[in-house]
Amino acid sequence: MPVLVYVDGKMVPKEQATVSVFDHGFLYGDGVFEGIRVYEGNVFRLKEHIDRLYESAKTIALEIPLTPEEMIRATLETVAANGQKDAYIRLVISRGAGDLGIDPAKCRKPTVVIISDTIQLFPQELYDNGAALVTASVRRIPMEALDPRIKSLNYLNNILAKIEAKRAGALEALMLNHHGLVAECTADNIFMIRQGTLKTPDLMQGALGGITRAAVLDLARKASIPCCETVLGLHDLYNADEVFLTGTGAEIVPVIAIDGRRIGDGKPGATTKKLLADFRLLRTKDGMKVPYRG
Ligand code: PXG
């Protein structure tokens with residue numbers, strides 16, 4: 001069965017799912033997006049993803065031509081139309097087709113795309129053994145330029161950082177803010193544990209408000225693990241007992257080395273493993289059910 005993609009209210013086969021070359025999403029990266037997982041027919045924290053999408057859109061003054069309820073329904077319908085039990089959903093809302101000028105007023109109608117496809121999962125080996133990070137020379141965009149809490153279509157800094165990481169043989173790149181403080185990674189938030197306390201950079205340090213990050217903070221509080229959203233330097237991470245990444249694709253990935261420094265004993269830590277186990281129980285329960293037909 002061909003994959004069906006939602007484009008501006010219509011379900012079309014993947015090969016016919018196209019947008020205009022005059023779309024300002026293509027010309028200028030003018031738009032917002034979401035990446036969402038489906039686990040055994042459960043769309044994980046869909047409401048939270050939709051809320052973040054509408055908040056991002058509001059800040060960039062983009063009016064989505066669907067209500068949040070309609071967007072939730074369209075998302076669930078797209079997964080149902082493809083009959084997928086496990087999937088990766090990409091919502092993309094761009095400013096729409098305009099002319100070659102930058103003026104968004106020329107874009108009459110935002111483009112709405114919903115893709116539900118399979119995802120290339122990380123191998124279990126990564127969760128068992130952990131990953132290495134390197135600090136990128138490219139910094140996270142400063143709040144003064146564009147609020148990093150917006151999940152916009154402008155990922156060039158993050159892409160350049162990811163290229164650096166791959167060239168250095170690392171899975172992910174650590175990105176600092178323009179003060180040299182830890183912000184997050186290219187598509188993941190970062191956490192550390194030191195003397196039993198879970199710490200993650202405060203969003204105002206330049207991090208996206210990750211849905212997985214919020215889920216992990218909830219799980220930690222339930223497990224009575226003290227948590228704080230704070231200010232962290234590389235020194236804090238290098239000397240942590242445990243470090244891990246969180247993201248929709250990654251879930252929770254243990255980090256065992258940063259810039260050639262071994263983290264803790266160089267193996268995934270006990271708290272990281274517990275949080276990953278708790279997350280894997282939560283992921284099929286916390287969200288919305290796909291309305292499959294037949
Ligand atoms: N920071 C940034 C900059 C991100 O783009 C996260 C953190 C993690 O947020 P969530 O809500 O996913 O817990 C992201 C996530 C993927 C993927 O396949 C994820 C993102 C972008 C592209 C791909 O995991 N953003």
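Atoms considered below: every heavy atom in the structure, side chains included; atoms not considered: hydrogens, waters and symmetry mates. We number each residue from 1, following the sequence as shown. Ligands are counted one by one from 1 in listed order, and the atoms in each one are counted from 1 as well.
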With a 4.0 Å cut-off, would you call Asp218 and Lys222 a salt bridge? no

Taking the six-membered ring of Phe279 (Phe, Tyr or Trp), confirm whether the NZ or CZ of Lys274 is under 6.0 Å from its centre and within 45° of its axis. no

Quick look: Ile211 vs ligand 1, heavy-atom contacts under 4.0 Å, and the answer is both

Should the pair Arg280-Glu251 be classified as a salt bridge under the 4.0 Å nitrogen-to-oxygen rule? yes

Please identify which atoms of ligand 1 are closer than 4.0 Å to at least one heavy atom of Lys151. 4 (C), 5 (O), 14 (C), 15 (C), 20 (C), 21 (C), 25 (N)

Among Arg213, Glu184, Arg149, closest by any non-hydrogen atom to atom 2 (C) of ligand 1: Glu184

Could you tell me whether His49 and ligand 1 have an N or O pair separated by under 3.5 Å? no

Atoms in ligand 1 flagged as close to Gly247, the criterion being non-hydrogen separation under 4.0 Å: 8 (C), 12 (O), 13 (O)

Check whether any side-chain N or O of Thr197 sits under 3.5 Å from a backbone N or O of Ile193 as a donor-acceptor pair, and report yes or no. no

Should you measure from each heavy atom of Arg52, which atoms of ligand 1 turn up under 4.0 Å away? 9 (O), 11 (O)

Which bit of Glu34 is near ligand 1, meaning a heavy atom under 4.0 Å away: side chain, backbone, both or neither? neither

Here the atoms of ligand 1 under 4.0 Å from any heavy atom belonging to Tyr88 are 16 (C), 17 (C), 18 (O), 23 (C)

Which residue owns the protein heavy atom closest to atom 14 (C) of ligand 1, what's the atom, and how far is it? Ala187 O, 3.3 Å

Taking 4.0 angstrom as the limit and counting only heavy atoms of Gly210, give me the atoms of ligand 1 inside it, by number and element. 9 (O), 10 (P), 11 (O), 13 (O)

Could you find the nearest protein heavy atom to atom 5 (O) of ligand 1 and give me its residue, atom name and distance? Tyr155 OH, 2.4 Å

Test side-chain hydrogen bond (donor to acceptor under 3.5 Å, both in side chains) applied to Thr186 and Glu172, step by step: CA-CA 7 Å; Thr186 69; Glu172 251 284 27; 2.8 Å; yes

Using the ring of Tyr238 (Phe, Tyr or Trp, six-membered ring only), decide whether Arg261 places NZ or CZ under 6.0 Å from its centre and within 45 degrees of its axis. yes

What atoms of ligand 1 come closer than 4.0 angstrom to any heavy atom of Thr212? 10 (P), 13 (O)

Among protein heavy atoms, which sits nearest to atom 22 (C) of ligand 1, and what does the distance come to when rounded to 0.1 Å? Arg90 NH2, 3.7 Å

When only distance counts, is Gly249 in polar contact with ligand 1, meaning an N/O pair under 3.5 Å? yes

Testing Leu176, Val182, Val231 one by one against Pro201 for a side-chain contact (heavy atoms from CB on, under 4.5 Å), which residue passes? Val182

Can you list everything that forms a side chain to side chain donor-acceptor pair (under 3.5 Å) with Thr272? Sequence neighbours excluded, please. Glu242

So does Glu229 pair up with Arg213, basic N to acidic O under 4.0 Å? yes

With His49, which of Glu34, Arg37, Lys151 fulfils side chain to side chain donor-acceptor pair (under 3.5 Å)? Glu34

Thr248: numbered ligand 1 atoms lying under 4.0 Å from its heavy atoms: 10 (P), 11 (O), 12 (O), 13 (O), 24 (O)

If you measure from each non-hydrogen atom of Asn158 to ligand 1, which part falls under 4.0 Å: side chain, backbone, both or neither? side chain

Below 3.5 angstrom, do we get any N/O pair linking Phe33 and ligand 1? no

Hits for side-chain contact (heavy atoms from CB on, under 4.5 Å) against Asp265, two or more places apart or cross-chain, chain-then-number order -> Lys267

Is the contact between Met175 and ligand 1 made by the side chain, the backbone, both, or neither, using heavy atoms and a 4.0 Å cut-off? neither

Considering only NZ, NE, NH1 and NH2 on the basic side and carboxylate oxygens on the acidic side, decide whether Asp241 and Arg194 come within less than 4.0 Å. no

Atoms of ligand 1 under 4.0 Å from any heavy atom of Thr186, numbered from 1 in the order shown, are 3 (C)

